[in-house]
Structure formats: C-alpha cells, structure tokens
*Asks:* 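Take a look at the following structure, please.
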Amino acid sequence: MKIKKSLFGILSATCIAQGVWAAEAIDFEKDVHPILAERCFKCHAGDEHKGGLSMSTREALLEGGEYGPAVIPKDAENSTLIEMITSTDPEDQMPPKGDRLSEVEIDILKAWINADLPWEMTKASDLFWVAPLHPREVDVPRAPIFRGSKHPIDRLLKSYAKQHDVDLPKLVDDERYIRRVYFDLLGMLAPTEAVEAFVADTAKDKRAALVDAVLADNRSYAEHWMTLWNDSLRNDHRGTGYIDGGRKKITDWLYKSLYENKPYDDFTTELIAPKAESEGFVKGIKWRGAQTANQAIPLQAARSVSQVFLGVNMKCASCHDSFTNEWKLVDSYGLANAFSEAPMEISRCDVATGDMAQTKFLWPELGAIDSEAPLEKRREQVAALVTHPENGRYTRTIVNRLWTQLMGRGLVAAPDELGDEPWSADLLDWLAVELVNQDYDLKAMLKLIATSEAYQLNSDARLQVPEEYTFRGPMPRRLLPEQIYDAMACVTGAWQTASEFEVPANSEDAESLSEGTVRSWRIHADPFMRILGRPNRNQIMLAREADFTRLQALEITNGDTLAAYLIAGATKMLESGAVDTQAVMRHAWGRSFPDAEAAILSTYGASIQEPGDLEDVLWLIFNHPEFQIVF
C-alpha cells in the first residue's frame, strides 16, 4: 500500500510539473470538489446562486445561469467557467475577489471538464458504518474457541480472534474472579470467608454457581445498579427542579424494578408511557428563568428516549441538523411531537422557523405515531415502537451497555452512539437476539457474559489501547466512588448514615450482604463522590469518565472527606479490639499473601495502638491499585 501511495504521489507530481492532467487521473472528490468548495461554493452553492448559477450538482452546473451553461462537457477551452477563471478582465474574472486560481487548479478543472465532468462523491454509507435497524440472527459456530469452551460467546469470538491474530491471555485465578464478580454484579467486596470457600471448592461448575448465588442477592444487586441507572435516567435525591416541582423522582419505582428484575421491555415501557411513580423520566426538568427552545420538555423526552434506549444522541439535532451523525432537526421534533400536548413549531438554533413538526418515529418503517391521538396514547405508541420486535437498535443498545459494565469497553465504544461500528457485529447481534430469547431478563444476560471465558480472561495489559481496538480481554476498571465507599465500609464496618432513601421493608433480607447497611448511592453526593465522578444528573450520563485527573488524585490521597472517613473507620474497627492487619488487607485486596509479606504485615499490625496508627494503614490499603482497580 505504501508503494502504491508513493507511486501515486510521483505521478501526481509529474502531472503538476508538466501542467497536464490526464482525464483518467481526475478524482472529483479528491481533486475537483476541494477547489469548488473553497473558491466557488460561497457564491454558487446552497442558498447562494449569484448570477443565477448553482454549482451544487452536475445538473445545475450544466444548466448554468444568466450567461448560459457554465461548462460544455468534453470541451474545456470553450466553457464559460474556464474563460472566467482565466480572464484578466476585472469585470469578468472569477472568483471576483481574493487570489486567482493557480495553474495547477485550472489544469485540474480543464481535465475534469474534458473527462465529461465525473461527479462521483463517496456516499455517507461508504464513509461511516451504518448501523442496521432490524435484528439479525447469527449462527454460533460449533467448534470451541480457546481451551475447549463451549460457551456461545467464546465460540463466536473464535473467528474474531483468528482474524485479528489475537494472543489471548490466560484465565484469572479464583481469587481475582470472585472479586471481579462481586464488584461487577453487586458493587461490593467479596467476604473473606466466601473467597476462601470458593477457592477451596473443587466443583467444575463452581464459577457458574457463584454467579447464580451472587445474582440471587436481590437487594445488593438493586443497590449497586441504582447508581448506574440513576446516571442514565438523571434521577437523584436532590438537585435542579426538585424543590419547586419542576422535576420528579422515580427512585421508589426504579429500586423496586431492579429488585424484582423487571423484564427490560416492561421496564422501558413503564418509563416511556409512565404511571405516576415513573413519570419523572419523560417529564424531564422544568428549568427556571429564560429557556432555549431545545430545553422544552417534549424535546428533552425525545433526547432522553433516543439516548437511553436507542443509542442515538440527538443533542445536536434538537437545535440544528447534526454535524456528527445522520439525524436532522425534523427527526428530533418529529419524535418530540409525540410527547407534546400541542403541535410544536420547529426552532433552528433558537429561532422559530414557522414550520410545524410532523409527528414520526425515528424509523418510520417500524410504524406510525397517530398525531391526533391523546398524549397518553402517543406515549404508548412510542413505547411500542421502541420495544418493537423488529427494532434491533433497542436490544443492541442495552446489551452493549451490559457488556461495557462487565468488560470495561463496549462492543461499540460509545454507549449513546450505536451508529458507530462494533468491533464484533456478530457478537453484538447475537447478544441482542439472545436478550429477546431470554424474555428481556437482564440478570440472565449478565450471567451469560460473566460465565464466558471472555469475561474470565486476565485483564488487557496494554498501557495504551490503540484507536483500532481489538479485544484482548476485559479492561482494568477503576471503582466508582460509590463502590470505593461501599468497599471501604465492607472493611471497616463504618457505613453511611445520612440516607436519602429508605429500603422498603419487603426487600429486607437477612441473607443479603447489604442488610443493615446504608449503601453510598443512598446519600447525597459529598465532595469525594463529586470529584471522583458522580455527576449532578441534570444531564443523562451513560458512562462516567475513565481517565484519572490530578484533582481526583489529590482528593483520594489528601482530601478532607476521605481523611474524615479514615478516622471514623479506624475508630469503628478498634471498638472491637485489636486489628489483624493481614486479615484486613486480605479482605480489601481479595488475595492471600506470601510468607514474606505476611510477616511484615503482622509485625506492623502489632504496633497499632490508637486510631491514628490504623488510619495510616487504611490510607495505604485504600489508595493501593489492588483496591481501587478491578483487574
């Protein structure tokens, strides 16, 4: 390829030096269009047709303007366009202002005209991955992948691994696997006795059994996933709109839905076509003071539904036609009309256009929305179209998000840009169809991923992941601040106290890891959580920033909030007597220690006499990568 490019460069340079361009050497998109765009389109494209001449299309150029056809195909010397760009008469020359076209540019245009004006532009579908709409059945290969796994995910990855020449790492040991499962599914540290029992277990199916047991802890599961769904649905305990009635919480409904593992299609329907307890999602935020047009509640609803459930980011397209994807202003308003009491007038960049929105779904081929129907009925129609069996965007979006949570990087990198190309379309499409086969059971999908060998691989050890991503195992993941707080509390016993949400009595479970605790999602965000990434939830956030900032480093090593917690934690632990530092680190890091490390820990532990001594130990434990990162 490099040789071909070099040869092309030599030939191009030769053509330029000789002032001659062969007709077959002309590429409209690369050679001609840049000249027209820079030197001509300002006056002769779009809404500007000076002299009656448009150069937006080949047909318009041939039609010409006030002076007749601008070009004569295959006859550059007698074409008006060439006459004007080579003229020395200030009254006739084009462009009328600025630098004249260079000899090379003129030669290119001449050769283009003599070649009969080829006008081929690469289609958007050739430049960008066009995500399919409908579901796609994928045949799972019969042959096993690595190490004889018969798991469908692993079998699907066989051809991918071979095609990309991927040298996959070994499987993690039992200690690392159980730590990964507890954090990913429950957001908590595995108890030491559970780790030891799991490591000692000799059953061949013990990893699948572990996932079943962990997912059976309904309360801990709900408490962990509340954090992620609160981010996604911009639901919070306090914030803009809650005081004056401009916003409504859905916390009770959301917790109950997660606790019960509500089927995802029902979960979606109850948010889009809500009852009173779940209506806060589509009602959005009624901002105080002056508002822009795109802050209208129906447009908020259209953006929220598109982003959360369809992997479509409509933020740009709710103000103007998007520059980053295929969505247009009329698409945003078309969906927004379904959530509006009255027909909406389209505003472009906050300026009313006078055009009224036409109610429609993003993909009209799935079905229509009756613009004359009552608001409640229109919402139901939108919910039915979002969850439509032929809407593969819906199922792909959620399975991609689940994969991201467990693997650290999605099949499609951005969770709200499902128009981007996945690194394995077969795996994404198979998972999407499997979700339907599993009756939209999210826990079943989490189990499916967590029991695959792909999930059990050692973490991707690359310090920098290239833009052209290839799967080489799960990515190492920083704990969320809520997970850090809860993991520290697992070690110290110092749980949160200022709860903003009371767990329903019917969900209390003496067997749950979360029984008798106040998990950190239930408190109002303090400086520690804010700095480490908990959003204010005025906007939808489907993925938190993964990069570690200097401010976060300062907060977690020397912040007042964490310092106060370490004092409280140390005091709480010493209330029960002497502290076994080796046992504490065993619990916090999830692994046993070689004899040399164990001896050092025992010696140091014997010197702890007061909270300040233990506080230093806790600071070391909680700032260590083995605590803060899921490998």
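None of these values were measured; they are calculated from a predicted model.
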*Asks:* Any heavy-atom pair between the side chains of W423 and L428 that's under 4.5 Å?
*Replies:*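 No, their side chains stay 4.5 Å or more apart.
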*Asks:* State, with a plain yes or no, whether a side-chain heavy atom of L442 is found less than 4.5 Å away from one of L435.
*Replies:* yes
*Asks:* For H388 and A384, indicate whether the former's side chain and the latter's backbone hold a donor-acceptor pair under 3.5 Å.
*Replies:* no
*Asks:* Do W403 and W430 have their ring centres less than 6.0 Å from each other?
*Replies:* no
*Asks:* Can you tell me how far the OG atom of S102 sits from the CG atom of D107, to the nearest 0.5 Å?
*Replies:*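 These two atoms lie 8.5 Å from each other.
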*Asks:* Among pairs that include at least one residue of residues 405-417, which meet salt bridge (Lys or Arg N to Asp or Glu O under 4.0 Å), considering only residues two or more places apart or in two chains?
*Replies:*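 As it turns out, there is no salt bridge (Lys or Arg N to Asp or Glu O under 4.0 Å) pair with a partner in residues 405-417 once direct neighbours are skipped.
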*Asks:* Take R393 and L362, measure what side chain to side chain contact (heavy atoms under 4.5 Å, CB included) needs, and give me the verdict at the end.
*Replies:* CA-CA 11 Å; R393 284 294 289 262; L362 297 183; over 6 Å; no
*Asks:* Is it the case that over 12 heavy atoms from other parts of the model lie below 6.0 angstrom from the CZ atom of R348?
*Replies:*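 No.
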*Asks:* Is a side-chain donor or acceptor of R478 paired with a backbone partner of A546 at a separation under 3.5 angstrom?
*Replies:*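 Yes; at least one donor-acceptor contact below 3.5 Å.
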*Asks:* In the structure I gave you, are the side-chain heavy atoms of R537 and L233 within less than 4.5 Å of one another anywhere?
*Replies:* no
*Asks:* If you take all heavy atoms of L480 and R544, which pair is closest and at what distance?
*Replies:*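 Where L480 meets R544 most closely, the heavy atoms are CD2-CD, 4.0 Å.
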*Asks:* Would you find a donor on one side and an acceptor on the other, under 3.5 Å apart, between the side chain of T395 and the backbone of V433?
*Replies:* no
*Asks:* Considering only residues two or more places apart or on different chains, which pairs with a residue in residues 283-299 satisfy salt bridge (Lys or Arg N to Asp or Glu O under 4.0 Å)?
*Replies:*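 Every pair satisfying salt bridge (Lys or Arg N to Asp or Glu O under 4.0 Å) with a residue in residues 283-299: D244-R288, E279-K283.
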*Asks:* Does N235 reach the main-chain N or O of K249 with its side chain, forming a donor-acceptor pair under 3.5 Å?
*Replies:* no
*Asks:* Nearest 0.5 angstrom please: L299 CG to Y333 OH, how far?
*Replies:* 5.0 Å
*Asks:* Report yes or no: does R58 contribute a side-chain atom to a donor-acceptor pair with the main-chain N or O of L62 at less than 3.5 Å?
*Replies:* no
*Asks:* Looking at every heavy atom in both S340 and P298, which two are closest together, and how far apart are they?
*Replies:*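 Closest pair (atom of S340, atom of P298, distance): CB-CG, 3.7 Å.
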*Asks:* Is there a side-chain contact between L133 and E390, using heavy atoms and a 4.5 Å cut-off?
*Replies:* no
*Asks:* How many angstroms lie between CG in L411 and CG in D420, if you round to the nearest 0.5 Å?
*Replies:*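 CG of D420 is found 12.5 Å from CG of L411.
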*Asks:* S306 side chain to N313 main-chain N or O, any donor-acceptor pair under 3.5 Å?
*Replies:*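 Absent.
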*Asks:* Apply ring-ring contact (aromatic ring centres under 6.0 Å, His included) to residues W229 and F281 and explain how you reach the verdict.
*Replies:* CA-CA 11 Å; W229 279 108; F281 174 65; 9.3 Å; no
*Asks:* Between D370 and R378 (salt bridge meaning N to carboxylate O under 4.0 Å), is one present in this structure?
*Replies:* no
*Asks:* Measure the OG1-CG distance between T470 and D165 for me, rounded to the nearest 0.5 Å.
*Replies:* 10.0 Å
*Asks:* List for me each residue that meets salt bridge (charged side-chain N to carboxylate O under 4.0 Å, His left out) alongside D460, sequence neighbours excluded, and say none if there are none.
*Replies:*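 Partners of D460 by the salt bridge (charged side-chain N to carboxylate O under 4.0 Å, His left out) criterion, ordered by chain and then number, come out as R462.
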*Asks:* I need the full list of salt bridge (Lys or Arg N to Asp or Glu O under 4.0 Å) pairs touching residues 79-91, with sequence neighbours left out, sorted by first then second residue.
*Replies:* none
*Asks:* Give a yes or no answer on whether the side chain of H134 reaches the backbone of G392 with a donor-acceptor pair at less than 3.5 Å.
*Replies:*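 Such a contact is absent between H134 side chain and G392 backbone.
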*Asks:* If you count every heavy atom of other residues, nucleotides or ligands that lies below 6.0 Å from E365 atom CD, does the total exceed 12?
*Replies:* yes
*Asks:* Side chain to side chain contact (heavy atoms under 4.5 Å, CB included), that's the test. Do T80 and V71 meet it? Break it down for me.
*Replies:* CA-CA 6 Å; T80 303; V71 294; over 6 Å; no
*Asks:* Measure the shortest side-chain to side-chain distance between N538 and D236 over non-hydrogen atoms and say whether it is less than 4.5 angstrom.
*Replies:*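 A side-chain contact is absent here, since even the closest heavy-atom pair is not under 4.5 Å.
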*Asks:* Determine whether L542 and R401 make a side-chain contact, defined as any pair of heavy atoms from C-beta on separated by less than 4.5 Å.
*Replies:*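 Touching, per the 4.5 Å side-chain cut-off.
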*Asks:* Among residues at least two apart in sequence or on other chains, which ones pass ring pair (Phe, Tyr, Trp, His ring centres under 6.0 Å) with Y394?
*Replies:* Y264
*Asks:* Only one of I398, I272, T397 passes side chain to side chain contact (heavy atoms under 4.5 Å, CB included) with F309; say which it is.
*Replies:*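 Testing each of I398, I272, T397 against F309, the sole residue satisfying side chain to side chain contact (heavy atoms under 4.5 Å, CB included) is I272.
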*Asks:* Nearest 0.5 Å please: distance from the CD1 atom of I82 over to the OG atom of S87.
*Replies:*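 Between I82 CD1 and S87 OG, I get 12.5 Å after rounding to 0.5 Å.
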*Asks:* Run K360 and D331 through salt bridge (Lys or Arg N to Asp or Glu O under 4.0 Å) and show every step you take.
*Replies:* CA-CA 8 Å; K360 64 173 185 175; D331 298 322; 3.1 Å; yes
*Asks:* If I compare all heavy atoms of G410 with all of T404, which pair ends up nearest, and what's the gap?
*Replies:* CA-OG1, 3.1 Å
*Asks:* Heavy-atom count around Q358 CD within 6.0 Å, excluding the residue itself: above 12?
*Replies:* no
*Asks:* Give a yes or no answer on whether the side chain of N337 reaches the backbone of M344 with a donor-acceptor pair at less than 3.5 Å.
*Replies:* yes
*Asks:* Applying side-chain hydrogen bond (donor to acceptor under 3.5 Å, both in side chains) to D265 and T268, what does each step give before you reach the verdict?
*Replies:* CA-CA 5 Å; D265 55 341; T268 303; over 6 Å; no
*Asks:* Take T353 and S347 through the side chain to side chain contact (heavy atoms under 4.5 Å, CB included) test and state the conclusion after the steps.
*Replies:* CA-CA 5 Å; T353 65; S347 289; 5.8 Å; no
*Asks:* side-chain hydrogen bond (donor to acceptor under 3.5 Å, both in side chains) between R234 and Q539: does it pass, once the steps are laid out?
*Replies:* CA-CA 6 Å; R234 60 176 184 174; Q539 301 293 331; 4.6 Å; no
*Asks:* Could you go through the side-chain hydrogen bond (donor to acceptor under 3.5 Å, both in side chains) check for T292 and N294 one step at a time?
*Replies:* CA-CA 6 Å; T292 58; N294 68 4; 2.8 Å; yes
*Asks:* Can you run down the side-chain hydrogen bond (donor to acceptor under 3.5 Å, both in side chains) pairs that involve residues 67-78, sequence neighbours left out, and say none if there aren't any?
*Replies:*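 Output for this query lists D75-N78.
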*Asks:* So for atom CD, which belongs to E103, do other residues, nucleotides or ligands contribute more than 12 heavy atoms lying within a distance under 6.0 Å?
*Replies:* no
*Asks:* For S332 versus A302, what's the shortest heavy-atom pair and its separation?
*Replies:*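 That closest heavy-atom pairing would be O-CB, 3.9 Å.
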*Asks:* Check step by step if side chain to side chain contact (heavy atoms under 4.5 Å, CB included) holds for M445 and L431.
*Replies:* CA-CA 8 Å; M445 297 306 294; L431 287 170; 4.0 Å; yes
*Asks:* Quick one: does S278's side chain have a donor or acceptor within less than 3.5 Å of a partner on E270's backbone?
*Replies:*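 Yes; at least one donor-acceptor contact below 3.5 Å.
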*Asks:* Is any side-chain heavy atom of V282 closer than 4.5 Å to one of L271?
*Replies:*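 A side-chain contact is absent here, since even the closest heavy-atom pair is not under 4.5 Å.
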*Asks:* With a 4.5 Å limit on heavy-atom distance, are the side chains of P118 and W112 in contact?
*Replies:*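 Result yes, sub-4.5 Å side-chain heavy-atom pair found.
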*Asks:* Kindly give the heavy-atom pair with the smallest separation between V412 and P422, and that separation in Å.
*Replies:*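 Reported closest heavy-atom pair: CG2-CB, 3.7 Å.
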*Asks:* Ignoring hydrogens and angles, tell me if any N or O in the side chain of W119 forms a donor-acceptor pair with the backbone of F28 under 3.5 Å.
*Replies:*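 Not a single qualifying donor-acceptor pair exists.
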*Asks:* Just how far is it from atom CG of L117 to atom CG of L61, taken to the nearest 0.5 Å?
*Replies:*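 Interatomic distance, L117 CG to L61 CG, rounded to 0.5 Å: 6.0 Å.
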*Asks:* Within a reach of under 6.0 Å around CD of E63, are more than 12 heavy atoms found that belong to other residues, nucleotides or ligands?
*Replies:*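 No, not enclosed.
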